[in-house]
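What follows is a single structure, written as structure tokens, with notes after it.
Along the sequence shown, residues carry numbers from 1. Read the numbers this way: they start at 1 and go in the same order the structure lists the ligands and their atoms.
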Amino acid sequence: MADLVRYDVKDRVAVVTIDNPPVNALSPAVWTAIDEAVARGNADAGADAIVLIGAGTTFIAGADIKVFDTLKTAGDSMTRSGGTHALLRRLEDSAKPLVAAIHGNALGGGMEVAMSCHYRVAAADAKVGQPEVLLGIVPGAGGTQRLPRLAGAELALQMCTDGKPVAAPKAKAAGMIDAVIDGDLLIGAIAFAKEKAARRETRKAREIALSAEQVQKGLDAVAAMRQSLAKTARGLRAPFAVADAIEAGLRHGFDAGSTREREIFADCVVSTESKALRHLFFAEREVIKIPDIPKDTPARDITRAAVVGAGTMGGGIAMNYANAGIPVLLKEVDRAALDRGMATIRRNYDVTMSKGKLTAEQVEKTMALITPTLTYDGFDQVDIVTEAVFENIDLKKATFAELATVTRPDCVLASNSSTLDMDQFAQASGRPSQVLGHHYFSPANVMKLLEIVRGRDTSKEVLATSLKLGRRLGKVGVVVGNCFGFVANRMLAYYMREAYLLLEEGASVPQIDKVLTDFGLPVGPYGMQDIAGIDVGARIRQYLASLGKARADGPQSEVPDRVFEMGRYGQKTGAGWYKYDAPGSRNRTPDPLIDQLAAEAAARRGITRRPISDDEILARITTALANEGARILEDGFALRASDIDIVYVYGFGFPRHRGGPMFYADTIGLATVLSRVNEYRARFGDYWEPAPLLERLVAEGRGFYGEAVARV
Ligand code: 3H9
């Protein structure tokens, strides 16, 4: 037997310890070793029962996700899963009581192993779950069949469609866990196993019979779940596949249900949806690894913070700190602006409270961590200051110079600028190693993306501190380079440019938005602007124009500026790209005025408007993203293609099941992407220039993610 699984006997109980760090993932070798160890326990005259436990911090976090890449066809998967199903039956058929002792997590295949044991005991803080759906698959080792028998079909459906783990006490109440152990888990599990052995008790989940009434209730739950998924899981396959697998077991029994589960799993595991979601699983873990910043780089604990500027962004950033339990000073220049900022924060918390997510007491406790101020008093005590003043380089430079005089020399100075050059702020502060960008996304207290902008002189410690802080604030921190717009806004500029040009050329606002929401974005480009405020982008454009810059190359549509000049700022003014029932309302209708503005703009540019197909809209917008992404990557402003995917998924809601703009480009093939760029160049002009990296990858027959993904 391999070292991955150890076998000992304690007090006449065989203890099988899975030891495959970091999370005891079930690689093929681990599956086999568990099988062999349980067989050995059964053959061992010195053991009356068997306990299966995990070494390290967790029981088993599931099947080894990397192994799924080796399954090239559904047929491969059918063969492999046939073996796994048989293996789990062998465990379940153990002649001696077999007890899973769970600490940390029993997830996915880990939970399926546990459910194939006769009993499950768990530490009070352990969690169990079937998160496969988040990877675009269904539980593939009997989970859709055993869980309904242990926990009831309703809860099983819930767990397998939302993927959320359940804490041990709730799992016990629902019948998934037989005992919650206080104190030493192994000692408790051995005692439990001995008791079962003394009574010669074993229980097989697959043999739990469901009454006709339970089956009917389950089928009703399946029907209700499908209806709800039709609204919440549009465009996804896996959640519906879960419902299919559970339904098969309810209708036709365990064996037929298991066969159906294997078939469904086999289809899902080779789907693009699953490949995309698995890609993001690893991308999210890769993003924190910065090649020249080793794990042991000292990272400071942030115990006190300050934010300068109490506008929408500054207030949201202060809320992030307070939500994480970090006291924060919030500074403004005049009383009225400060009061407005604090009132907005209060309103935001009141909304959260009205949704039942916070109690009044929690709100007061959190608000008490935010200290409004008009002075720099107390800034000498803070570990970090985030500057969130108006997007103007001179104002920001002056702020950094001032901050350097009122803070400790080791205080981190971060800017929330969305476009400006960090190195200029670094110089202005006189201590460039402490300066970097912390670019939050609006609303800053909600959006999970944090671009950590590395300046020329930013120290490694300051970057490590920012990555650690990002995690504490509940953000996904992505280290990006100090280029114009960084990664997120640079990409967005090209996305919006195409959306504007398509409108001028003849597409309509509702059509463009629908194409993007059908693709899976939560909101289309125009709907997004109406929410964020058309004035925000317009003012940035005006400021950039004063510097002789534009956000994206190529022709700039004049329509957004016309809409802005008309005072149509979006939802807040009751009109923007759409008409709204009233200011602040979300109830919108298309406005023919926009088509008129677009027609006028087209006439001025000598463009004959034409019907534009949905396919062209999607192709142009996603091609613009991939081409600019390739440029960002080649210029070294993102470390990896997967970081760009993370930025766009978390910053702008690119559909996870499409893996991000770079992964998506690979799924349609970079050769196709390049031929589109060349076609658009011929049709629209040289601003459609292929990124050199894109050309090189195509010439080499590769994708952003190498050959494997390019063949998706
Ligand atoms: C499945 O089980 C299908 C079944 O139905 C069977 C079908 C036949 N595989 O997240 P962390 C790595 S599907 C491979 O940072 P944490 C991870 O990449 C699976 N690797 O730790 C990272 O590597 P690195 C269903 C895995 O403490 C390291 O472990 N299960 C796996 O923040 C640490 O991970 C799931 O979806 C894996 N299964 O969180 C659960 N899991 O250090 C997936 C982790 O090189 N896992 N790694 O970057 C998790 O949700 C979290 O890892 C967990 C720990 C909550 C367990």
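- Distance check for atom 32 (O) of ligand 1: every protein heavy atom is found at 4.0 Å or beyond.
- Only side-chain heavy atoms of V23 come within less than 4.0 Å of ligand 1; its backbone N, CA, C and O stay farther off.
- Heavy atoms of other residues, nucleotides or ligands lying less than 6.0 angstrom from NZ of K96 number more than 12.
- Which parts of ligand 1 touch G62 is read off a 4.0 Å heavy-atom cut-off, strictly below it: atoms 2 (O).
- Protein heavy atom at the shortest distance from atom 50 (O) of ligand 1 is L107 CD1, 4.1 Å.
- At a 4.0 Å heavy-atom cut-off, ligand 1 touches P22 through the side chain alone.
- Using bins of under 30°, 30° to 60° and over 60° for the plane-to-plane angle, the ring pair Y440/H438 lands in the perpendicular bin.
- Summarising the contacts of atom 55 (C) of ligand 1 with N105, L135, L88, the nearest heavy atom is found in N105.
- Under 4.0 Å from ligand 1, the heavy atoms of F68 that appear belong solely to its side chain.
- Under the 4.0 angstrom criterion for non-hydrogen atoms, K289 is in contact with ligand 1.
- For atom 15 (O) of ligand 1, the nearest protein heavy atom (residue, atom name, distance) is R285 NE, 3.8 Å.
- Between H279 and Y705, the ring-plane angle classifies as perpendicular under the 30° and 60° cut-offs.
- Residue-ligand proximity, G109 to ligand 1, at heavy-atom distances under 4.0 Å covers atoms 1 (C), 2 (O), 4 (C).
- Residues D645 and S642 have side chains that never bring a donor and an acceptor to within less than 3.5 angstrom of each other.
- Protein heavy atom closest to atom 38 (N) of ligand 1, with residue, atom name and distance, is A63 O, 2.9 Å.
- No donor-acceptor pair under 3.5 Å is formed between the side chain of N42 and the backbone N or O of S94.
- Summarising the geometry of P139 relative to V242, their closest heavy-atom pair is CD-CG2, 4.4 Å, with the distance given to 0.1 Å.
- Within a 4.0 Å radius of atom 9 (N) of ligand 1, the protein contributes at least one heavy atom.
- Protein heavy atom at the shortest distance from atom 14 (C) of ligand 1 is D64 OD1, 3.3 Å.
- For ligand 1, one of its N or O atoms has an N or O atom of E132 under 3.5 Å away.
- Of the protein's non-hydrogen atoms, E112 OE1, 3.5 Å is the one closest to atom 6 (C) of ligand 1.
- In the vicinity of F281, heavy-atom distances shorter than 4.0 Å reach the ligand 1 atoms 18 (O), 41 (N), 43 (C), 44 (C), 46 (N).
- With hydrogens left out, the protein atom closest to atom 40 (C) of ligand 1 is A61 O, 3.2 Å, a heavy atom.
- Nearest to atom 20 (N) of ligand 1 among the protein's heavy atoms is F282 CE2, 4.2 Å.
- A salt bridge (Lys or Arg N to Asp or Glu O under 4.0 Å) with E92 is found for one member of K204, R203, R146 and no other, namely R146.
- The nearest pair of heavy atoms linking L693 to A630 is CD2-O, 3.7 Å.
- Of all heavy-atom pairs spanning P661 and M491, the tightest one is CG-CE, 3.9 Å.
- The only option from R206, Q145, E263 that meets the side chain to side chain contact (heavy atoms under 4.5 Å, CB included) definition with S258 turns out to be Q145.
- Q227 CD: 12 or fewer foreign heavy atoms inside a 6.0 Å radius.
- Interface of P139 with ligand 1, defined as ligand atoms under 4.0 Å from a residue heavy atom, comprises 5 (O).
- The shortest N or O to N or O distance between I65 and ligand 1 is under 3.5 Å.
- Protein heavy atoms all stay at least 4.0 Å away from atom 23 (O) of ligand 1.
- By the 6.0 Å contact criterion, CD on E284 is enclosed, its count of non-hydrogen atoms from other residues, nucleotides or ligands being greater than 12.
- Between R300 and D383, the closest heavy-atom pair is NH1-O, 3.6 Å.
- At a 3.5 angstrom cut-off on N or O pairs, G108 does not count as close to ligand 1.
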